[in-house]
Amino acid sequence: MSTKKYRKTAKADWYRTALVLFLFITVMVFSSIFLRPGCWYLLILIIITGTLLLVNWHTKNFAYLCPICGRVFEVSTLENFLGPDRVNKKFLKCPKCGKRSWAQILRIEK
C-alpha cells in the first residue's frame with residue numbers, strides 16, 4: 001500500500017511548473033520555426049505529444065483536496081486534462097462525498 005504525503009503548493013512548485021511550461025512552449029516555437037512548411041503534420045504530432053506529457057507530469061505530481069469533506073484524492077490523466085481549472089483550484093467530483101466543487105491543488109511529496 002502506497003503512503004503518499006501531500007502538502008500545500010509552495011513558491012518552488014510554481015517556479016517548477018513555470019519552468020516546465022516554458023520548456024513546452026519553447027519546444028513548440030522552435031518546432032514551428034524549424035520544421036519544413038510541408039511537414040505540418042509533424043508539428044501537430046509534437047503539440048499533441050507535448051500536451052499529453054505535460055498533463056501526465058501534472059497528474060503524477062499534484063493531488064486535490066475536497067473543500068466539502070476534506071479528503072485528498074488524485075485523478076486520472078484524462079480527468080486532469082478535461083476538468084476546468086483556475087490558478088490554484090480544479091472543478092472536480094470528490095470520490096468520497098460525490099459532490100462537485102473547486103478542489104484545492106496539493107503537491108505530492110516524493
Side-chain angles (χ1 to χ4, degrees):
M1 182 176 186
S2 174
T3 56
K4 295 182 181 179
K5 294 188 179 195
Y6 307 97
R7 65 171 169 78
K8 290 188 176 186
T9 53
K11 223 180 234 188
D13 299 318
W14 287 101
Y15 291 141
R16 189 176 299 113
T17 302
L19 176 65
V20 170
L21 283 172
F22 176 76
L23 292 173
F24 172 72
I25 292 168
T26 303
V27 169
M28 298 304 116
V29 168
F30 279 109
S31 297
S32 65
I33 292 172
F34 293 114
L35 281 177
R36 292 186 5 214
C39 297
W40 58 269
Y41 54 89
L42 285 176
L43 181 60
I44 300 295
L45 183 66
I46 290 170
I47 290 171
I48 291 171
T49 303
T51 302
L52 290 174
L53 288 172
L54 184 66
V55 173
N56 190 37
W57 170 83
H58 190 271
T59 302
K60 288 181 180 180
N61 288 291
F62 294 94
Y64 301 92
L65 173 67
C66 177
I68 298 169
C69 69
R71 178 176 179 174
V72 175
F73 60 96
E74 297 177 29
V75 296
S76 68
T77 302
L78 181 64
E79 194 174 6
N80 200 2
F81 179 71
L82 295 176
D85 49 348
R86 294 182 188 166
V87 173
N88 202 20
K89 297 180 187 265
K90 190 169 204 64
F91 194 70
L92 296 167
K93 181 178 180 181
C94 176
K96 182 179 178 186
C97 67
K99 306 265 172 133
R100 291 192 178 275
S101 61
W102 288 99
Q104 181 182 356
I105 297 175
L106 299 175
R107 175 81 171 147
I108 298 173
E109 292 283 333
K110 303 271 176 169

Heavy atoms from other residues, nucleotides or ligands near NZ of Lys93 exceed 12 (cutoff 6.0 Å) =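 No.
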
Distance, nearest 0.5 Å, that separates [atom1] of [X] from [atom2] of [Y]:
X: Ile33; Y: Phe30; atom1: CD1; atom2: CZ; value: 6.0 Å
X: Leu54; Y: Thr49; atom1: CG; atom2: OG1; value: 12.5 Å
X: Ile46; Y: Leu53; atom1: CD1; atom2: CG; value: 11.5 Å
X: Ile47; Y: Ser32; atom1: CD1; atom2: OG; value: 7.5 Å
X: Arg100; Y: Ile68; atom1: CZ; atom2: CD1; value: 11.5 Å
X: Ile105; Y: Asp85; atom1: CD1; atom2: CG; value: 6.5 Å

For the residue pair [X] and [Y], what are the closest heavy atoms and their distance?
X: Pro67; Y: Ala103; value: CD-CA, 4.0 Å
X: Ala63; Y: Phe73; value: CB-O, 3.5 Å
X: Trp14; Y: Val87; value: CH2-O, 3.2 Å

Examine distances only and state if a side-chain atom of Asn56 and a backbone atom of Leu52 form a donor-acceptor pair shorter than 3.5 Å.
->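 Not at all, since once roles are kept as given, no pair shorter than 3.5 Å links the two residues.
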
Pick one: which of Thr77, Asn80, Thr17 meets side chain to side chain donor-acceptor pair (under 3.5 Å) with His58?
->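 The side chain to side chain donor-acceptor pair (under 3.5 Å) with His58 is passed solely by Asn80 among Thr77, Asn80, Thr17.
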
Are [Y] and [X] connected in a single hydrophobic cluster, I mean Ile/Leu/Val/Met/Phe/Trp/Tyr linked by side-chain heavy atoms less than 4.5 Å apart?
X: Leu82; Y: Trp102; result: no
X: Met28; Y: Val55; result: no
X: Trp57; Y: Tyr15; result: no
X: Leu78; Y: Phe91; result: no
X: Tyr41; Y: Leu45; result: no

Taking the side chain as everything from C-beta on, heavy atoms only, tell me whether [X] gets closer than 4.5 Å to [Y].
X: Leu106; Y: Lys8; value: yes
X: Pro95; Y: Arg71; value: yes
X: Arg16; Y: Asn61; value: no
X: Tyr64; Y: Gln104; value: no

Out of Val75, Ile108, Thr9, which one pairs with Phe62 under the side-chain contact (heavy atoms from CB on, under 4.5 Å) rule?
->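 Considering Val75, Ile108, Thr9, a side-chain contact (heavy atoms from CB on, under 4.5 Å) with Phe62 is found only for Thr9.
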
Do Thr51 and Phe24 pass the side-chain contact (heavy atoms from CB on, under 4.5 Å) test, and can you show the C-alpha distance, the side-chain angles, and the key distance before you say yes or no?
-> CA-CA 8 Å; Thr51 302; Phe24 172 72; 3.6 Å; yes

Between Arg107 and Tyr6, is NZ or CZ placed under 6.0 angstrom from the six-membered ring centre and within 45° of the ring axis?
->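 No - Arg107 does not lie over the ring of Tyr6 by the 6.0 Å and 45° rule.
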
